[in-house]
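Worksheet for the structure shown next.
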There are 2 protein chains.
Amino acid sequence: MDQNKIPQATAKRLPLYYRFLNNLNQQGKKRVSSKELSEAVKVDSATIRRDFSYFGALGKKGYGYNVEYLLGFFRSTLDQHEVTEVALIGVGNLGTAFLHYNFMKNNNIRITTAFDADTEKVGTDIGGVPVYDIHHLEEKLDDIKVAILTVPAVEAQVITDKLVEKGISGILNFTPARISVPKHIRVHHIDLAVELQALVYFLKHYSLDKPE
Amino acid sequence: MDQNKIPQATAKRLPLYYRFLNNLNQQGKKRVSSKELSEAVKVDSATIRRDFSYFGALGKKGYGYNVEYLLGFFRSTLDQHEVTEVALIGVGNLGTAFLHYNFMKNNNIRITTAFDADTEKVGTDIGGVPVYDIHHLEEKLDDIKVAILTVPAVEAQVITDKLVEKGISGILNFTPARISVPKHIRVHHIDLAVELQALVYFLKHYSLDKPE
DNA sequence: ACTGAATTGTGAAAAATATCACGACTTATT
DNA sequence: AATAAGTCGTGATATTTTTCACAATTCAGT
């Protein structure tokens with residue numbers, strides 16, 4: 001909407017920076033240099049300075065960055081003032097892992113609703129989140145714009161279609177299926193098997209001390 | 001070691017291609033075009049052709065690619081002939097999800113050993129994988145080169161150090177901690193909270209129909 | 001055989017990302 | 001006040017990745 005100039009690669013690193021700044025702040029640190037931050041998050045210090053510079057001059061030459069100031073800045077940049085409600089579809093092991101994760105701690109994100117087909121799970125609370133019957137997806141999804149998809153691959157497209165119909169904006173897809181959506185909806189894929197296989201491939205084919 | 005010319009971006013897509021070729025093959029499809037594949041995996045068709053071209057001329061102009069041939073080619077490229085044994089450290093919800101995932105179906109990867117600190121879990125089998133006491137990591141890890149790290153963040157570095165000492169080559173790190181390792185060891189980070197937050201950020205700041 | 005439609009493989013260009021390297025400024029110390 | 005050490009912000013450059021666009025080739029139909 002507004003800051004379209006920020007490179008996607010930078011945007012993907014912002015949450016990471018944010019979390020580490022939070023840690024530093026909690027440790028009572030007042031200032032931090034790009035070099036220190038670099039060691040903590042394993043991103044080149046020049047890249048960090050460049051990333052920050054897209055938002056203006058946030059630091060002081062010869063000094064570094066004021067942790068509290070930077071944190072406040074990122075808080076508003078990352079929209080941490082307003083809670084984002086998220087639905088979780090599919091309460092298997094992976095889904096349950098998400099339900100137990102406290103996103104509120106660092107991020108103003110809350111999973112408010114979960115869905116599953118298993119009647120044993122429907123009606124329970126997991127990690128404080130009520131689990132509804134997936135067949136009632138249409139009624140219970142009101143106003144939620146983001147969904148985490150942790151269902152079996154075969155269900156992925158059917159459920160996606162329902163989410164789309166209910167006006168979802170973004171989907172974090174953990175199924176191996178590459179789901180199809182209208183082009184105004186954003187889908188991020190995280191494919192655990194692909195990640196594992198890619199790691200194995202890199203180990204076998206790339207010589208040591210190569211980055212990422 | 002050998003094919004160092006292949007771009008990293010390409011290498012990361014190979015497992016994805018491989019899985020979809022497998023699907024096609026099981027469906028009995030004999031040929032496929034880069035355009036079809038593109039729709040299935042959501043990667044631009046020119047990118048797919050470019051990716052394949054790093055391995056030589058695998059297709060036929062005006063025809064496309066022979067599914068079986070391509071599959072065989074990738075099988076050997078991705079070292080699918082030799083089983084890769086993987087250890088899983090931390091049998092929480094996320095870890096359990098991995099233990100139930102059958103990587104052998106498409107990939108010749110097998111989780112052979114799991115570790116946890118919880119005495120209730122130690123000694124059990126989950127998804128056919130024996131769970132050992134994490135304090136016996138040193139004795140039971142023999143010869144395993146790849147580990148999946150799904151422990152609480154505070155434990156991450158300590159356990160990593162032990163893995164390094166035992167000669168691990170690669171770690172798939174699901175903890176929010178950015179672990180430190182000697183530079184010849186490869187670590188891939190998958191940070192679930194960061195992924196979720198990045199998605200939310202993109203939704204708020206990037207206008208629609210933007211890619212990835 | 002010929003024609004038209006489909007599709008690859010790739011040179012070239014564009015776009016995105018990362019890194020280098022240094023002037024300018026800040027702080028601390030003497 | 002002067003000096004030294006530390007650090008940012010950024011122009012310039014390098015590297016990586018994606019995309020365009022088209023000649024060359026193949027296939028299917030007549």
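Because the structure is predicted, anything quoted here is derived from the model rather than measured. Order of the sequence lines fixes the chain letters, A, B, ..., with proteins taken first and strands second; residue numbering starts at 1 for each chain.
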- Message: Are more than 12 heavy atoms, taken from residues, nucleotides or ligands other than B:Glu165, located less than 6.0 Å from that residue's CD atom?
- Response: no

- Task: Return the value, rounded to whole Å, for the distance between atom CG of A:Leu37 and atom P of D:dG9.
- Result: 13 Å

- Any donor-acceptor pair under 3.5 Å joining the side chain of B:Arg50 to the base of D:dT18? no

- Task: Look at the aromatic rings of B:Tyr201 and B:His205 and report parallel, tilted or perpendicular, splitting at 30° and 60°.
- Result: parallel

- How close or far is atom P of C:dT19 from atom NZ of A:Lys35, stated in whole angstroms? 17 Å

- Hey, which sits more toward the 5' end of DNA chain C by its nearest nucleotide, A:Tyr54 or B:Ala57? B:Ala57

- Task: Give a yes/no on whether any side-chain N or O of B:Tyr65 is located under 4.0 angstrom from OP1 or OP2 of C:dG9.
- Result: yes

- Item | D:dC8 phosphate, OP1 or OP2, under 4.0 Å from A:Ser34 side-chain N/O | yes

- Looking at the side chain of B:Lys60, which of D:dG9, D:dT26, D:dC8 is the nearest nucleotide? D:dT26

- Query: Of all the nucleotides listed (D:dC27, C:dG11, C:dC25), which has the minimum atom distance to the side chain of B:Tyr63?
  - Reply: D:dC27

- Atom-to-atom span, CG of B:Asp44 to P of C:dT7 - whole angstrom: 15 Å

- Task: Would you mind telling me which of D:dT17, C:dT19, D:dA24 lies closest to the side-chain atoms of B:Lys61?
- Result: D:dA24

- Query: Does a nitrogen or oxygen in the side chain of B:Thr47 sit under 4.0 Å from OP1 or OP2 of D:dT19?
  - Reply: yes

- Message: Whether A:Lys162 and A:Glu155 form a salt bridge (side-chain N of Lys/Arg under 4.0 Å from carboxylate O of Asp/Glu) is what I want to check.
- Response: no

- Using whole Å, report how far CG of A:Leu70 lies from C1' of D:dC8. 13 Å

- Query: Nearest to the side chain of B:Pro7, which nucleotide is it out of D:dT26, D:dT17, D:dT10?
  - Reply: D:dT17

- Item | Separation of D:dT7 C1' from A:Arg31 CZ (nearest whole Å) | 9 Å

- Message: Whole angstroms only, please: what is the CD-P distance between A:Gln8 and D:dT17?
- Response: 16 Å

- Query: Taking 4.0 angstrom as the limit, do B:Lys29 and B:Glu36 come out as a salt bridge?
  - Reply: yes

- A:Asn66 CG - D:dC8 P separation (whole Å): 13 Å

- Query: Is the number of heavy atoms from other residues, nucleotides or ligands under 6.0 Å of A:Lys145 NZ greater than 12?
  - Reply: yes

- Task: Kindly say if B:Arg49 contacts the phosphate of C:dG11, meaning a side-chain N or O under 4.0 Å from OP1 or OP2.
- Result: no

- Message: I need the NZ-P distance between B:Lys30 and D:dC27, as an integer number of Å.
- Response: 16 Å

